[in-house]
Amino acid sequence: CSEENGVYVYELTLNENTMKELAETIAPELVTYAVNFEKGSLRLTIEEENLSVISVGMEGSVNVLFTKVPMSLKVTFDFE
């Protein structure tokens with residue numbers, strides 16, 4: 001957790017299984033690809049005691065025609 005000017009940011013590291021489940025929930029078509037997740041995080045931002053942002057970021061690779069290609073998936077939900 002970090003805090004700056006009353007804004008709190010909580011960041012969690014995601015394991016491979018959690019990243020896979022989350023990615024398939026966000027983008028179901030990923031099930032058809034051989035995706036290898038290597039690192040990921042979930043970040044929650046709290047402002048004035050309210051959840052203001054949820055961010056998910058994941059990085060890894062996908063196998064395309066016998067070649068590993070870098071890939072990333074980033075999703076941000078902003079609450080007003």
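None of these values were measured; they are calculated from a predicted model.
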Original post:
In this structure, which one of V7, L44, T45 forms a side-chain contact (heavy atoms from CB on, under 4.5 Å) with S52?
Top reply: T45

**OP:** State which residue, out of V62, N63, L73, fulfils the side-chain contact (heavy atoms from CB on, under 4.5 Å) condition with V35.
**Re:** V62

Original post:
Looking only at atom types and distance, does a side-chain atom of N15 sit under 3.5 Å from a main-chain N or O of N17, one as donor and one as acceptor?
Top reply: yes

Subject >> Residue pairs, two or more places apart or on separate chains, that pass salt bridge (Lys or Arg N to Asp or Glu O under 4.0 Å) and touch residues 59-68 >> reply: K39-E59

Original post:
Rounded to the nearest 0.5 Å, how far apart are OG1 of T76 and CZ of R43?
Top reply: 10.0 Å

Original post:
Is there a donor-acceptor contact under 3.5 Å from the side chain of T25 to the main chain of E21?
Top reply: yes

Original post:
For K74 and V56, what are the C-alpha separation, side-chain angles and deciding distance, and is it a side-chain contact (heavy atoms from CB on, under 4.5 Å)?
Top reply: CA-CA 6 Å; K74 295 180 183 179; V56 178; over 6 Å; no

Original post:
Are I54 and I26 in one and the same hydrophobic cluster, where Ile, Leu, Val, Met, Phe, Trp and Tyr link if side-chain heavy atoms are under 4.5 Å apart?
Top reply: yes

Subject >> CG-CG distance between L22 and L42, expressed to the nearest 0.5 angstrom >> reply: 7.5 Å

**OP:** Compare every heavy atom of F79 with every heavy atom of L51, then report the nearest pair and how far apart it is.
**Re:** O-CB, 3.6 Å

Subject >> Same cluster (ILVMFWY, side-chain, under 4.5 Å), V53 and V75 >> reply: no

Original post:
For E24, what residues pass the side chain to side chain donor-acceptor pair (under 3.5 Å) criterion, not counting sequence neighbours?
Top reply: none

**OP:** Just jot down the side chain to side chain donor-acceptor pair (under 3.5 Å) partners of S41, sequence neighbours excluded, or say none.
**Re:** E11

Subject >> Heavy-atom closest contact (F37 atom, K20 atom, distance) >> reply: CE1-CA, 3.8 Å

Original post:
Within a strict 4.5 Å, meaning less than it, do heavy atoms of the Y10 and I46 side chains meet?
Top reply: yes

Original post:
Does a side-chain heavy-atom distance below 4.5 Å link S61 with E38?
Top reply: yes

Original post:
Taking all non-hydrogen atoms of both residues, which atom of E3 and which atom of Y8 are closest, and how far apart?
Top reply: CG-CE2, 3.2 Å

